[in-house]
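Beneath this line is the structure, given in structure tokens, with notes to follow.
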There are 2 protein chains.
Amino acid sequence: MFSKRFKQLTPYTPGEQPQNREYIKLNTNENPYPPSPLVEKYLKTADTDLLKLYPDPSSKKLREAIGEYYNLPPSMVFTGNGSDEVLSFCFYAFFDKDNGSLLFPEHSYSFYPVYCGFYDIPFERIPLEKDFSISVNSYIKGKNCSGIIFPNPNAPTGTYLKLPEIERLMSNTRKDRVVIIDEAYIDFGGESAVKLVNNFDNLLIVQTFSKSRSLAGLRVGFAIGNDKLISALVTVKDSFNSYPLDTLAQNAARIAIEDRDHFKKNRDNIIETREFTISNLKKEGWEVLPSMANFIFIRKKGIPGLNIYGFLKNKGLLVRYFGYPGIKDFVRVTIGKKKDMIVFLELLKSVRRK
Amino acid sequence: MFSKRFKQLTPYTPGEQPQNREYIKLNTNENPYPPSPLVEKYLKTADTDLLKLYPDPSSKKLREAIGEYYNLPPSMVFTGNGSDEVLSFCFYAFFDKDNGSLLFPEHSYSFYPVYCGFYDIPFERIPLEKDFSISVNSYIKGKNCSGIIFPNPNAPTGTYLKLPEIERLMSNTRKDRVVIIDEAYIDFGGESAVKLVNNFDNLLIVQTFSKSRSLAGLRVGFAIGNDKLISALVTVKDSFNSYPLDTLAQNAARIAIEDRDHFKKNRDNIIETREFTISNLKKEGWEVLPSMANFIFIRKKGIPGLNIYGFLKNKGLLVRYFGYPGIKDFVRVTIGKKKDMIVFLELLKSVRRK
């Protein structure tokens, strides 16, 4: 009963969302603070009569608000059902099996190979450097690629690539190959490559409302780039599902991006808690990769990552363990509220070596 | 910069959603009545703090509510971002270019050929009967198909195929070929083929909250069928976008399907207005195809459909004109509130022959 392409699928595995027990959840990089209070205010007074009508298929007002935030016209903004859907549309539109492999980091967002499986796109995983950073040189070497994608900061490592390095990558990449910078975590201290899109027509930036805007539950993501890339994404959307963003999500996201004060306060809190957590971990002898994200990637000599994960879960605190070769010692820990990080730091003192 | 598959796309064209003028909108089959008042109540008191967390990727509670409505277990229910996304996943999972053509009616939902283009699926359009109905015989004849899909009631015609005919189709179709009945309009007088899914493992029913539940703005659709078909759709979803339904949409849709009284009142009103409209049209010499939907497909000898459409639009009332060979005389008219239909009937008296 199933198509050939279906039989080859390997789906993505999201992080645990346990229903049966109250955990301190530091495993899925959610924001510990609520979204802008203006979102709540909007929902309280929303005209539900309007829900009988289809939403604006082009999310015009939301794209205008995002454009305004970045000083770009709305024609350079595409919105979708979370950055996952935006990424999926990108893989469809830009990457091909006829143009060589798509390049992405060996340790990175694990949905990338899933999209490749979904659309039958060959890919090559580029190893990280010894310090787990992304090296632009190894992507420049791969001239015959169908495209490049990586998160910046990278996940699950948290390491950040500076803008001049991205510029160097772009200057050394074929102009007919699309480069996607997946900036899900850019707001926690990094500088967005959005400011480069007017210099490089083949550069696309993908962002999300799920992390820094505290709206993971609302499913809104977006892409910013040259008009041609954006209108290609619109064509893909209109060939798949014309209305992926419902009326409430469009309005609430617009209101959230307009509330810059709430955003800054929220982000500054998380950065402060991250630095607090890192300095305490280092005092206790933990290795912490440099992070510009709302999570950290940590290990301690002699303790397998699975032990850390299992010990903490048993104590009612969830972190994410990946277990891939090369990063088996690590766990990824979302930065939560300070009080939760204090519990985490305290629990960690009792993790035993094997 | 674009993939080969992208270059072959022909996107879907949704009905007009004019922003510049107040029209009486009878063109996109929206419900003229608001959704259940319990939806408004829910939004007023929704815990927006929860929006910082990812939604349930499996929409468990919503699937349970839909299952309860149809007396089926939630394992037989799949939910997605509008029935368009559900259909798109179906085309990916079930139809192939190696198994012959997908069969659907010549005049039908115009997204079907778009999905076929998106996933490179060959298709064959099966002509309607002279009375514009769907004939099961012409689908049985096409034994070597990769699958069958049609809306019931069909759009844009409104004609309805009775359950014994669907049973006859299923009994004469290979068990390894999936048949999809797209029941977007089933609630307006038809009998759902959901009651056949336990008899036929290859039968999948697709429905939506956009029409009879007045929630087009919320983007919720679902499919009902054998566990194997449903879990295939889950695999496709998890290879494309794990969380297509946001928290608000999941909760509001669940609340809407639980409010049976509002649903019945709303539906009965539309059916009553439809019959009122049809009988008045017939008095004025209009031909109206028998409709079990929330729209009607009408023509009058000697008046081109484009004239009807243009005349009404000029007067501030939108209907849908398709202009395809074979149905060029017709316009499709959504059943709105009675007062709007009275305006429509009045305006129609002045439509001139060419």
Side-chain angles (χ1 to χ4, degrees), chain A residues 1-6 9 11-12 14 17 28 30-31 33-35 39-40 43-44 46 48-57 81-82 84-85 88 92-96 98 114 117-118 176 178 202 214-219 229 232 235-236 238-244 246-249, chain B residues 1-6 9 11-12 14 17 28 30-31 33-35 39-40 43-44 46 48-57 81-82 84-85 88 92-96 98 114 117-118 176 178 202 214-219 229 232 235-236 238-244 246-249:
Chain A
M1 291 200 285
F2 305 112
S3 68
K4 211 162 83 182
R5 69 179 97 75
F6 169 76
L9 284 185
Y12 172 74
Q17 303 279 13
T28 49
E30 286 145 334
N31 198 306
Y33 304 108
V39 169
E40 183 167 8
L43 288 173
K44 279 202 190 317
T48 45
D49 189 25
L50 275 183
L51 293 179
K52 73 189 181 191
L53 302 178
Y54 281 94
D56 172 11
N81 188 272
D84 281 348
E85 188 188 64
S88 189
Y92 187 97
F94 307 129
F95 308 136
D96 222 314
D98 298 327
V114 174
F118 195 78
D176 61 348
V178 175
N202 56 334
S214 307
L215 286 171
L218 208 62
R219 317 309 308 125
L229 300 182
T235 298
V236 173
D238 286 339
S239 305
F240 176 85
N241 180 12
S242 313
Y243 308 92
D246 65 62
T247 301
L248 300 175
Chain B
M1 293 200 284
F2 304 112
S3 68
K4 210 162 86 180
R5 69 179 94 74
F6 170 77
L9 284 184
Y12 173 74
Q17 301 281 14
T28 48
E30 286 146 334
N31 198 307
Y33 303 108
V39 169
E40 183 168 9
L43 288 174
K44 279 203 191 316
T48 44
D49 190 25
L50 274 183
L51 293 178
K52 71 189 181 192
L53 303 178
Y54 281 94
D56 172 11
N81 188 273
D84 282 348
E85 188 188 64
S88 189
Y92 186 98
F94 307 128
F95 308 136
D96 221 316
D98 299 326
V114 175
F118 195 78
D176 60 350
V178 175
N202 56 335
S214 307
L215 287 172
L218 209 62
R219 318 309 309 125
L229 299 182
T235 299
V236 173
D238 285 340
S239 305
F240 175 86
N241 181 13
S242 313
Y243 307 92
D246 66 62
T247 302
L248 300 175

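Residue numbers start from 1 in every chain, and the chains themselves are labelled A, B, ... in the order their sequence lines are given, proteins ahead of strands. Just so you know, these numbers use all the heavy atoms, side chains as well, and skip hydrogens, waters and symmetry mates. Source: prediction; values computed, not measured.
The ring-ring contact (aromatic ring centres under 6.0 Å, His included) check on B:Y12 picks up B:Y109, B:F111, with sequence neighbours excluded. By the ring-ring contact (aromatic ring centres under 6.0 Å, His included) test, B:F6 pairs with B:F2, sequence neighbours left out.
Using bins of under 30°, 30° to 60° and over 60° for the plane-to-plane angle, the ring pair A:F240/B:F118 lands in the tilted bin.
The most heavy-atom pairs under 4.5 Å with chain A, out of B:L50, B:D246, B:L215, come from B:D246. For chain B, the option among A:L248, A:L43, A:T28, A:N31 with the highest count of heavy-atom pairs below 4.5 Å is A:L43. If you tally non-hydrogen atom pairs under 4.5 Å between each of A:D84, A:T247, A:N241 and chain B, the highest count goes to A:N241. If you tally non-hydrogen atom pairs under 4.5 Å between each of B:L51, B:L229, B:D176 and chain A, the highest count goes to B:L51. Contact count against chain B (heavy-atom pairs under 4.5 Å) is highest for A:T235 among A:T235, A:V178, A:D56, A:V39. Listed options A:P34, A:P11, A:A232, A:S239 were ranked by heavy-atom pairs under 4.5 angstrom with chain B; first place goes to A:S239.
Between B:P244 and A:E85, every side-chain heavy-atom pair lies at or beyond the 4.5 Å cut-off. In this structure, A:Y54 and B:E30 have side chains that are in contact, with non-hydrogen atoms separated by less than 4.5 Å.
For B:F94, the parts lying under 4.5 angstrom from a heavy atom of chain A are both the backbone and the side chain. Both the backbone and the side chain of A:D49 come within contact range of chain B, judged by heavy atoms closer than 4.5 Å. Looking at B:V236, both its backbone and its side chain come within 4.5 Å of chain A, counting heavy atoms on both sides. For a residue to count as touching a neighbouring chain, one of its non-hydrogen atoms must lie under 4.5 Å from one of that chain's; by this rule A:A93 touches chain B with backbone and side chain alike. The parts of B:N81 that come within reach of chain A are both its backbone and its side chain, each placing non-hydrogen atoms under 4.5 angstrom from that chain.
Panel note: side chain A:K44, backbone B:K44; a donor-acceptor pair is recorded below 3.5 Å. Looking at B:R5, its side chain never comes within 3.5 Å of a backbone N or O of B:G117 through a donor-acceptor pair.
Taking CG from A:L53 and OG from B:S214, the interatomic distance works out to 10.0 Å, rounded to the nearest 0.5 Å.
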